[in-house]
Amino acid sequence: MSSSPPAPSSPPPPRGLAFPRQESLASPTVLNPFVQEARLDPQAKTRAILFGLILVPLRLICMFLILAMAWPFALLATFGAPEKGTMPLQGWKRKVSYSALIFLGHVLFFVMGFWVKVKGKVARPEEAPIFAVAPHSSFFDGIVCIVAGLPSTVSRQENLMAPFVGRILNSLQPVTVSRVDPDSRKNTIDEITRRATSGGQWPQVLVFPEGTCTNRSCLITFKQGAFIPGVPVQPVLIRYPNKLDTVTWTWQGYSFNEALVLTLCQLFTKMEVEFLPVHIPTDEEKHDPALFANRVRSKMSSALGVPVTDHTYEDCRLMISAGNLTLPMEAGLVEFTKISKKLNLKWDNIREQLSQFAAIANASKGGRIGIEEFANYLKLPVSEVLGELFALFDRNGDGSIDFREYVIGLSVLCNPANTEQTIQMAFQLFDIDEDGIISEDEFALIIRSSLGLPDLDVSNLFKEIDADKTNKLSYEEFKNFALKHPEYAKLFTTYIELQRNQMCIEAEFEPAATPNTSVSEKSSVPRNKVCPQTSEDDHSSVSDKKED
């Protein structure tokens with residue numbers, strides 16, 4: 001009488017492919033900070049038209065006259081000055097020109113309809129060499145420079161070319177930055193540091209650390225330039241407590257001219273500028289500018305009552321690229337700086353992945369990838385295994401993949417599996433007869449087995465890999481395809497892992513084979529040098545899964 005096999009002491013390992021999720025890579029809870037609703041209700045439109053017919057021409061004339069009056073004082077400040085940025089403006093020229101420009105600046109904004117309320121105390125240069133101003137949402141934010149006593153600003157080089165305003169800006173001896181010069185960031189930081197540590201010889205430096213305009217719904221990542229010198233910084237807050245917002249000038253919303261004209265159409269525009277207490281950095285913050293910047297941002301966000309987010313200027317670039325690829329612009333918002341640092345990605349990598357994502361997502365017309373689009377892209381049918389791979393990309397489990405999830409999925413799941421070693425292993429897996437090439441029958445056998453679909457037609461996928469049209473796949477063809485389509489690498493390595501797990505389960509829990517038991521009765525999976533017969537000691541796994 002034969003005895004039944006002993007019950008297993010523990011259940012076999014699950015087939016699921018789930019992996020831990022790092023909270024630090026969770027999707028941001030803040031809505032798009034670079035979009036502003038640009039719609040006026042009928043009542044607001046009527047009021048803007050009526051007031052605008054009188055106010056806009058009158059205010060434009062007054063603005064032109066004030067700028068004309070400011071021109072001689074800006075000329076006085078810059079006439080005969082040494083080469084730009086080499087020496088600070090001092091003496092009577094600075095006192096006369098700056099006093100006049102401050103007065104005219106106040107008059108200019110008053111004429112434009114701004115009612116400015118100032119809170120707090122402006123720190124002296126020896127108390128805080130740097131002002132950090134946020135949130136930055138409009139070209140009207142320049143009024144902070146007037147209120148703060150005309151400190152030097154960090155400004156785009158292109159701004160100095162503007163008529164009238166460019167000369168006035170030059171008189172403030174700004175620190176210029178160029179977004180196209182690869183050395184500009186380093187030069188800007190060096191110049192800020194030089195001025196901030198000059199012992200009061202240079203004027204204070206005013207910085208908008210966000211580096212771009214937002215809709216004031218949050219504070220985005222602060223750039224570190226203002227915090228690298230390790231000197232005390234005075235945080236400055238800007239608020240526009242108006243029922244109708246006409247000042248916000250973001251990447252999607254009012255244009256420059258629309259924001260200017262609509263603001264001039266208002267009877268008045270309220271603005272609050274608040275100077276918070278000076279933040280003196282600790283020794284730890286002096287050696288860690290990112291920590292310094294985050295603590296100042298946290299203090300400012302608490303005072304404003306708004307959240308913080310890890311979006312940066314690079315997200316704006318991706319957002320514009322997404323729009324050019326006919327995707328919703330929000331598709332490009334991935335918190336680029338945080339994602340790139342954690343996953344070691346460069347701008348060009350993510351921009352290329354955005355193009356790949358667009359090629360898949362455009363079919364859905366919604367900027368997201370569903371499992372049907374995912375399967376069509378891979379030229380495979382929807383199956384259980386493909387669904388598991390899709391679920392790994394779908395981090396929030398909503399049944400679709402956005403661009404952020406796609407970038408993380410490629411970096412965490414697929415690219416680590418696409419090493420030379422794993423590509424060779426996958427090739428050997430397909431090369432069942434070990435002759436150095438893969439026939440369509442061999443390719444079909446493994447794909448059908450991995451997806452559990454015995455009748456699957458893989459001819460289209462095989463032809464795509466077969467670049468030289470010989471009906472046989474060489475290693476180079478297989479490798480080139482795997483590098484261009486890393487999603488397949490995860491399918492291949494997962495299949496290897498599942499085969500090994502299955503063989504481990506067979507070895508541990510099945511009764512020993514009798515002499516009359518054939519190999520085919522023990523296992524129906526393909527065996528070759530990648531998936532050989534298991535032994536007691538073979539409990540290794542080629543899983544490329546990792547925590548993200």
### Pair Asp245, Gln36: side-chain N/O donor-acceptor within cut-off below 3.5 Å
yes
### Task
Go through the structure and list residues passing side chain to side chain donor-acceptor pair (under 3.5 Å) with Ser137, not counting sequence neighbours.
Arg216
### Query
So, do Leu378 and Asn376 sit near enough that their side-chain heavy atoms are less than 4.5 Å apart?
no
#### Entry: SG-CG distance between Cys218 and Asp310, expressed to the nearest 0.5 angstrom
10.0 Å
### Message
Within the structure provided, determine whether Met319 and Asn32 are in side-chain contact (heavy-atom separation under 4.5 Å).
### Response
yes
### Query
How far does CZ of Phe427 sit from CD of Glu476, to the nearest 0.5 angstrom?
9.5 Å
### Query
Ile339 and Arg404: side-chain contact (heavy atoms from CB on, under 4.5 Å), yes or no, with the steps?
CA-CA 9 Å; Ile339 293 292; Arg404 179 193 178 91; 3.9 Å; yes
### Query
Does the pair Leu219 and Thr309 meet the rule for a side-chain contact (heavy atoms from CB on, under 4.5 Å), with working shown?
CA-CA 6 Å; Leu219 292 183; Thr309 180; over 6 Å; no
## Note on the structure
Given the options Asp402, Ile408, Ile401, Ile371, Phe393 meets side chain to side chain contact (heavy atoms under 4.5 Å, CB included) only with Ile401
### Query
Is there a side-chain contact between Arg368 and Glu405 (heavy atoms, below 4.5 Å)?
yes
### Message
Quick one, Val308 and Ser298 - any side-chain contact, counting heavy atoms below 4.5 Å?
### Response
no
### Query
Going through the checks in order, is the side-chain contact (heavy atoms from CB on, under 4.5 Å) test met by Phe462 and Glu440?
CA-CA 7 Å; Phe462 184 85; Glu440 185 171 346; 3.9 Å; yes
### Sequence-distant partners of Phe357, ring-ring contact (aromatic ring centres under 6.0 Å, His included), two or more places apart
Phe403, Tyr406
### Query
What is the distance from atom CD1 of Ile465 to atom NZ of Lys463, rounded to the nearest 0.5 Å?
13.0 Å
### Summary
Tightest non-hydrogen contact, residues Ser138 and Val247, listed as OG-O, 2.8 Å
## Note on the structure
Closest heavy-atom pair, Gly225 versus Ile189, reported as atoms and distance to 0.1 Å, is CA-CG1, 4.0 Å
### Message
The criterion is salt bridge (Lys or Arg N to Asp or Glu O under 4.0 Å); which residues satisfy it with Glu372, sequence neighbours excluded?
### Response
none
### Task
Would you name the heavy atoms of Thr214 and Pro135 that are closest together and state the gap between them?
OG1-CB, 4.4 Å
#### Entry: Least distance between heavy atoms, Pro229 atom then Thr193 atom
CG-OG1, 3.4 Å
## Note on the structure
salt bridge (Lys or Arg N to Asp or Glu O under 4.0 Å) filter on Asp283, not counting sequence neighbours, yields none
## Note on the structure
Paired with His136, the ring-ring contact (aromatic ring centres under 6.0 Å, His included) test is passed by just one of Phe208, Tyr313, Phe34, namely Phe208
### Task
With side-chain contact (heavy atoms from CB on, under 4.5 Å) as the test, would you mind laying out the steps for Val205 and Val207 before giving the verdict?
CA-CA 6 Å; Val205 179; Val207 179; 3.9 Å; yes
### Task
Kindly check if the number of other-residue, nucleotide or ligand heavy atoms within 6.0 Å of NZ (Lys469) is above 12?
yes
### Task
Please name the pair of heavy atoms, one in Ala134 and one in Leu304, separated by the smallest distance, quoted to 0.1 Å.
O-CD1, 4.5 Å
### Query
Got a donor-acceptor contact below 3.5 angstrom from the Asn215 side chain to the Val35 backbone?
yes
### Summary
Residues passing the side chain to side chain donor-acceptor pair (under 3.5 Å) test with Glu314, sequence neighbours excluded, are Thr312
### Message
List the residues meeting ring-ring contact (aromatic ring centres under 6.0 Å, His included) with Phe292, not counting sequence neighbours, and say none if there are none.
### Response
Phe227, His279
### Task
Quick one: pull up CZ in Phe374 and OG in Ser400 and give me the separation to the nearest 0.5 Å.
12.5 Å
### Query
salt bridge (Lys or Arg N to Asp or Glu O under 4.0 Å) with Asp141: which residues, sequence neighbours excluded?
none
### Task
Apply side chain to side chain donor-acceptor pair (under 3.5 Å) to Ser459 and list each qualifying residue two or more places apart in sequence or on a separate chain.
Asp457
### Query
Are any non-hydrogen side-chain atoms of Glu210 and Thr221 less than 4.5 angstrom apart?
no
### Query
So which heavy atom on Val133 is nearest to which on Met300, and how close?
C-CE, 4.3 Å
### Task
Flag the pair Asp315 / Ile220 as yes when at least one side-chain heavy-atom distance between them is below 4.5 Å, and no otherwise.
no
### Message
Could you work out, with side chain to side chain donor-acceptor pair (under 3.5 Å) as the rule, every residue matching Ser302, not counting sequence neighbours?
### Response
none
### Query
With a 4.5 Å heavy-atom cut-off, do Leu206 and Val154 have their side chains touching?
no
### Message
Measuring only between side-chain heavy atoms, which start at C-beta, is Leu169 closer than 4.5 Å to Thr153?
### Response
yes
### Task
With sequence neighbours excluded, give me every salt bridge (Lys or Arg N to Asp or Glu O under 4.0 Å) pair touching residues 218-229.
none
### Message
Looking at Asp466 and Thr470, would you say the former's side chain and the latter's main chain have a donor-acceptor pair under 3.5 Å?
### Response
yes
### Query
From Phe139 CZ over to Thr248 OG1, what is the distance, rounded to the nearest 0.5 angstrom?
10.0 Å
## Note on the structure
The salt bridge (Lys or Arg N to Asp or Glu O under 4.0 Å) partners of Lys186 (sequence neighbours excluded) come to Asp190
### Task
Among residues two or more places apart or on two chains, list those pairs meeting side-chain hydrogen bond (donor to acceptor under 3.5 Å, both in side chains) that have a residue in residues 286-297.
Glu285-Arg295
### Message
Any side-chain to backbone donor/acceptor pair from Glu477 onto Ser474? Under 3.5 Å, distance only.
### Response
yes
### Message
Nearest 0.5 Å, please: how far is OG1 in Thr188 from CD1 in Ile228?
### Response
10.5 Å
#### Entry: Full working for ring pair (Phe, Tyr, Trp, His ring centres under 6.0 Å) between Tyr254 and Trp249
CA-CA 6 Å; Tyr254 293 129; Trp249 183 49; over 10 Å; no
### Message
Would the distance check show the side chain of Asp431 and the main-chain N or O of Gly436 forming a donor-acceptor pair, the cut-off being under 3.5 Å?
### Response
yes
### Query
Just by distance, with hydrogens left out, do Ser321 and Arg317 show a side-chain donor and acceptor under 3.5 Å apart?
no
